[in-house]
Structure formats: structure tokens, C-alpha cells
*Asks:* 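Below: one structure in C-alpha cells.
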Amino acid sequence: MDTYELLTRNAAEVVTEEEVEALAEDPDGKRAYVGYEPSGVLHLGHLLTANKLIDLQDAGLDVVVLLADVHAYLNGKGSFEEIRDTADQMKEQFLAYGLDEESTDFVLGSDYQLDDDYELDLHELELATSLNRAQRAMAEIQGGETAKVSHVVYPLMQALDIEYLDVDVAVGGMDQRKVHMLAREELPSLGYEKRPAVHTPILGDLETGEGKMSSSEGITISMEDSTEDLQEKVNSAFCPRTRDPEGDLVNPVLELFQYHVFPRFEEVVVERPDEYGGNLEYDDYEALAADLESGELHPADAKGALADYLDDLIAPGRERLREIRGE
RNA sequence: CCGCCCUUAGCUCAGACUGGUAGAGCAGUCGACUGUAGAUCGACUUGUCCCCCGUUCAAAUCGGGGAGGGCGGACCA
């Protein structure tokens, strides 16, 4: 796989392709970043962007993981103490999941976001940005709660982070795209360069297959799920015998194979009782999806395999969580 | 600073005028049917009625106070 493909595979959007191509020419020493509001337990949403970070590391880039304690605070997630506590746990889980310790820099937002020069730049950005624009950028990130002044400061800080962390590319889910677009538009007016962005898709709801609907709320798979939890959750997932269900729906089981399993495993073995034809082996997502579509692969067998592979992916983080909690 | 409206199940809301400790839709749970899930049937569950005080035999409902949210007016020094 060539470098550009590694940088952009499974991305929902690349802004812009030209800029990322340039990055792919000479990736060594370049820096990529994702910001996360600290969370005590990682879920698949976190891991999806983490997969992209692993791709970037494989391509030779250094990765900055911003543990955005100030952002979490601005978004009403609790006191600084509580938030920083979960930030440590988050770091540990990312490392357990497979981020390379050597080329990953974990940075706490409050380490630099309270400095004078940062604050003054922030005020300049506030001056340059309409309320409307900032609110729209934040709409997908904040909960349905009442908009506070903190909510419009939040995306402006994200824009500044791109400069202050000195990164060459910003990574995030599609829910972050308006923030990144705002950053690209406004950073130059502060005398800084705009950076490209790579956006991962927002996967469909596991239970319903609904795509762009409400974020989070549905059943989500996390680092603290037991093997049995995974089997149960995956088994109850929406999974028609097609890769392209009617309407706006998607097949979440296939999505998990595509975005979580195949990027991390060379080969996928679907164990199947002899009465149904014995085991199946796949070395890429397309082959598996095609078999589901044709009927060669039954959804129930696909689910069994999915649960197993997800369990493998989560096991180290689950173990680390246990250690941290002293169990 | 003044005024108006809202707050009831996880969600959207009805019920309030004419007091008798609460309902619908959706969601959720469980079964049946499919070698998965969904769809479809069948059954079931769900509540500090925002908080406090008062009136009353009895308050989601009436009165007073408070909190949170939405909106408007005024001020424009």
C-alpha cells in the first residue's frame, strides 16, 4: 500500500487531496493530531480515529493526541480534577490498543491553552468569527443542551490548537469538519498556515443501521465490554443480507468489519459449523461483503466472527483498565 | 430592570379551567417467526408530575415563594 493510500484509506473526506498528497511525498517527522475530550473508557468512536492514527504512524508520521481537558471543561464535563483523572486512563487505553508509544505525544490541553499568547490569539479569533459561525461549528459536538458562551469558544480553541501543537494535518470524525473548515479559513488571518484535514466517517447505529441520525446514544461497544457483552451486542445488531440496505440505512456489521477489523488484521477467518459449509477465510473487506451479499456468508456467522475480532481488539485495553482500577 | 410562556415516563407531549395520588405515541424489555438483526404479530414494563411552603378530608391540578429554560420590552449611559 503506498503512503497516500495509507494516509487516506477509509477516510470519508480528505481536505484537500493535493495537500495530503504533498504530505505523503515526505511523511517523516510530520505531525498529525486528534483531540479528544478525556473519557474514562474508550469506545469504538475513539478507536476509529485511533485506527487512522496507527495508519499515519505506519506511514512515518508522528502523532499528537490532545487530551482536551479544557475543552471538556468548557463542554460541561465536570471539574478539572475529574477530567484530568480520566485523561490518564484514556492515554493508557490508547497505548494498550496499539498506538506506538515512541511516536505518540500525549498533550494535556491545559499545558499550553492558558498561556498569554494563546489567550490573546484566541481573543483575536473571537473578534474575527461570527457567533453564528462558531455555533454551527459546535452544533454537532455539544450535546442538545443550552448553548453557552463556552460552546462558541470551544471550536475556536480547536482551530488554534492546530497551530499551537504545530501539526501538519488534523484528523477527526466528520462531526469535526466544520471546526476544521473554520480553522482553515481563519488561521491565515492570524498569520498562520492552514493545514489539511482527514475525516473518518460516522458509522451507522449498531442496532438500527441509521446513519446520520443522532450521535452516540445507541448501543456502543467500549473498552469495558466483556466477551459476552460483545457477543450480545453484536448479535443484536441490524444486519440485512446486503451491503446496501434500503433508504438511508447502512449495514453496521459490515461497517465494523471494514473500519475496525480489516485495518488491524491481515486475514479474517469466519468459523462456521460443518453443516453450513465449514470455515471461510477473507483477506480483504470486499470479499467478505460480496459473500454476504451473495448469500455465501450468513449474517449470523459474520456476527460470530465480528464479535471475536472485536474482542481481540479490545482485550488489551480491557485488561489495562482492570489494572488501573486495581482489580 | 420589567413582562409573558414553558417544566409530567428514556423522548415528544396530553391531563390543569370544572382537585379524588396519571395517560398517549415513540422508545425499551420479553416471547413467536426467520440459521442473525430488522420488519410483522403477541405480551409486558416505565414516573421524586422541577423544588419548598400553604389551602383542603384529598393537590400534577388551587394560592404563595424559589430554581432552570425560552421569548419580548426597556435602558443605550
Side-chain angles (χ1 to χ4, degrees), chain A residues 41 43-45 73-79 131-132 134-136 138-154 175 201-222 225-262 265 268-282 285-314:
Chain A
V41 179
H43 58 251
L44 285 187
Y73 181 74
L74 290 175
N75 202 14
K77 295 299 170 63
S79 71
L131 257 187
N132 205 305
Q135 239 177 316
R136 281 190 294 129
M138 189 60 188
E140 310 231 350
I141 300 169
Q142 88 188 56
E145 295 311 301
T146 304
K148 300 283 180 31
V149 174
S150 64
H151 287 125
V152 292
V153 174
Y154 186 114
D175 55 331
I202 302 299
L203 301 190
D205 181 83
L206 189 59
E207 281 193 293
T208 65
E210 285 165 3
K212 297 151 193 168
M213 295 290 288
S214 59
S215 52
S216 58
E217 282 326 302
I219 292 234
T220 185
I221 288 171
S222 82
D225 283 333
S226 67
T227 302
E228 295 72 37
D229 289 337
L230 288 175
Q231 287 166 346
E232 222 171 279
K233 288 180 180 181
V234 171
N235 182 52
S236 64
F238 176 66
C239 186
R241 299 158 179 266
T242 172
R243 61 203 301 171
D244 186 28
E246 288 181 45
D248 290 333
L249 300 182
V250 299
N251 187 320
V253 170
L254 285 182
E255 282 195 334
L256 293 185
F257 269 112
Q258 177 178 4
Y259 294 102
H260 287 282
V261 178
F262 280 101
F265 296 93
V268 170
V269 177
V270 176
E271 294 183 15
R272 197 166 63 167
D274 288 338
E275 69 170 300
Y276 294 126
N279 293 0
L280 292 166
E281 298 181 5
Y282 300 99
Y285 164 72
E286 281 305 318
L288 184 147
D291 268 9
L292 184 86
E293 187 88 53
S294 75
E296 175 63 28
L297 172 62
H298 191 277
D301 295 322
K303 284 181 173 181
L306 178 61
D308 287 345
Y309 282 94
L310 289 178
D311 191 49
D312 278 359
L313 286 172
I314 281 171

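Computed over heavy atoms, backbone and side chain alike; hydrogens, waters and symmetry mates excluded. By convention in this document, chain letters (A, B, ...) are assigned in the order of the sequence lines, proteins followed by strands, and residues within each chain are numbered from 1.
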*Asks:* Please state whether the rings of Phe257(A) and Phe262(A) are parallel, tilted or perpendicular, taking 30° and 60° as the class boundaries.
*Replies:*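 Taking Phe262(A) first and then Phe257(A), their aromatic rings sit tilted (interplane angle of 30° to 60°).
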*Asks:* Quantified in whole Å, what is the P atom distance between nucleotide rC71(B) and nucleotide rU18(B)?
*Replies:*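 Straight-line distance between the two P atoms is 32 Å.
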*Asks:* Partner of rG72(B) by Watson-Crick or G-U wobble geometry, both contacts under 3.5 Å, or none?
*Replies:*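 For rG72(B), the partner nucleotide comes out as rC2(B), under the 3.5 Å rule.
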*Asks:* Rounded to whole Å, please give me the gap between CZ in Phe238(A) and P in rU40(B).
*Replies:* 12 Å
*Asks:* C1' atom, rG70(B) versus rU36(B): distance in rounded Å?
*Replies:* 46 Å
*Asks:* With side chains defined as the heavy atoms from C-beta onward, is the minimum distance between Asn75(A) and His151(A) less than 4.5 Å?
*Replies:*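 Yes, close enough: below the 4.5 Å cut-off.
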*Asks:* Between Ala300(A) and Lys148(A), name the one whose nearest nucleotide on RNA chain B is closer to the 5' end.
*Replies:* Ala300(A)
*Asks:* Whole angstrom is fine here: how far is it from CG in Asp244(A) over to P in rG38(B)?
*Replies:* 20 Å
*Asks:* Given atom CG of Leu297(A) and atom C1' of rG35(B), what is their separation to the nearest angstrom?
*Replies:* 12 Å
*Asks:* Rounded to whole angstrom, note down the C1' distance from rG64(B) over to rG47(B).
*Replies:* 27 Å
*Asks:* Tell me which one of Val41(A), Leu230(A), Leu310(A) satisfies side-chain contact (heavy atoms from CB on, under 4.5 Å) with Asp225(A).
*Replies:*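 Running side-chain contact (heavy atoms from CB on, under 4.5 Å) over Val41(A), Leu230(A), Leu310(A) with Asp225(A) returns exactly one hit, Leu230(A).
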*Asks:* Hey, could you give me the CE/NZ distance between Met138(A) and Lys148(A), rounded to the nearest 0.5 Å?
*Replies:*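 Between atom CE of Met138(A) and atom NZ of Lys148(A) there are 11.5 Å.
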*Asks:* So, for Thr242(A) and Glu293(A), which heavy atoms are closest and what is the spacing to 0.1 Å?
*Replies:*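 Smallest interatomic distance, heavy atoms only, reads OG1-OE2, 3.0 Å.
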*Asks:* Considering only atom C1', compute the distance from rC30(B) to rA14(B) and round it to an integer number of Å.
*Replies:* 28 Å
*Asks:* Quantified in whole Å, what is the P atom distance between nucleotide rC44(B) and nucleotide rU34(B)?
*Replies:*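 Roughly 24 Å separates the two P atoms.
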*Asks:* For rG47(B), which nucleotide is its Watson-Crick or G-U wobble mate, given both distances must be under 3.5 Å?
*Replies:* none
*Asks:* Can you work out whether Ala147(A) or Pro240(A) has the more 5'-proximal nearest nucleotide on RNA chain B?
*Replies:* Pro240(A)
*Asks:* Return the nucleotide paired to rU55(B): Watson-Crick means purine N1 to pyrimidine N3 with N6-O4 or O6-N4, wobble means G-U with N1-O2 and O6-N3, both under 3.5 Å.
*Replies:* none
*Asks:* For rC50(B) and rG3(B), measure between their P atoms and round to the nearest Å.
*Replies:*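 These two P atoms come out 24 Å apart once rounded.
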*Asks:* How many whole angstroms separate atom CD of Glu232(A) from atom C1' of rC30(B)?
*Replies:* 13 Å
*Asks:* Using purine N1 to pyrimidine N3 plus N6-O4 or O6-N4 for Watson-Crick, or N1-O2 and O6-N3 for G-U wobble, both under 3.5 Å, which nucleotide pairs with rC26(B)?
*Replies:* rG10(B)
*Asks:* Just name whichever nucleotide pairs with rG31(B), Watson-Crick or G-U, keeping both distances under 3.5 Å, else none.
*Replies:*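 The base-pairing partner of rG31(B), which may sit in any strand shown, is rC41(B).
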*Asks:* Expressed in angstrom and rounded to an integer, what is the separation of Asp301(A) atom CG from rA37(B) atom P?
*Replies:* 13 Å
*Asks:* For Glu275(A) and rG35(B), give me the distance from atom CD to atom C1', rounded to whole Å.
*Replies:*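 Taking atom C1' of rG35(B) as the reference, CD of Glu275(A) is at 8 Å.
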*Asks:* How many whole angstroms separate atom CD of Glu246(A) from atom P of rG38(B)?
*Replies:*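 Rounded to whole Å, this separation is 16 Å.
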*Asks:* Who is the Watson-Crick or G-U wobble partner of rA60(B), with both distances under 3.5 Å?
*Replies:* none
*Asks:* Would you mind reading off the distance between Asn235(A) atom CG and rC30(B) atom P, rounded to a whole angstrom?
*Replies:* 12 Å
*Asks:* On a whole-Å scale, what distance lies between the C1' atoms belonging to rC49(B) and rG23(B)?
*Replies:* 12 Å
*Asks:* Taking only the P atom of each, what is the distance from rG15(B) to rU7(B) in whole angstrom?
*Replies:*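 To the nearest whole Å, 10 Å.
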*Asks:* Hey, which of Leu256(A), Val234(A), Val270(A) is the one that makes side-chain contact (heavy atoms from CB on, under 4.5 Å) with Lys303(A)?
*Replies:*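 Only one option passes, and that is Val234(A).
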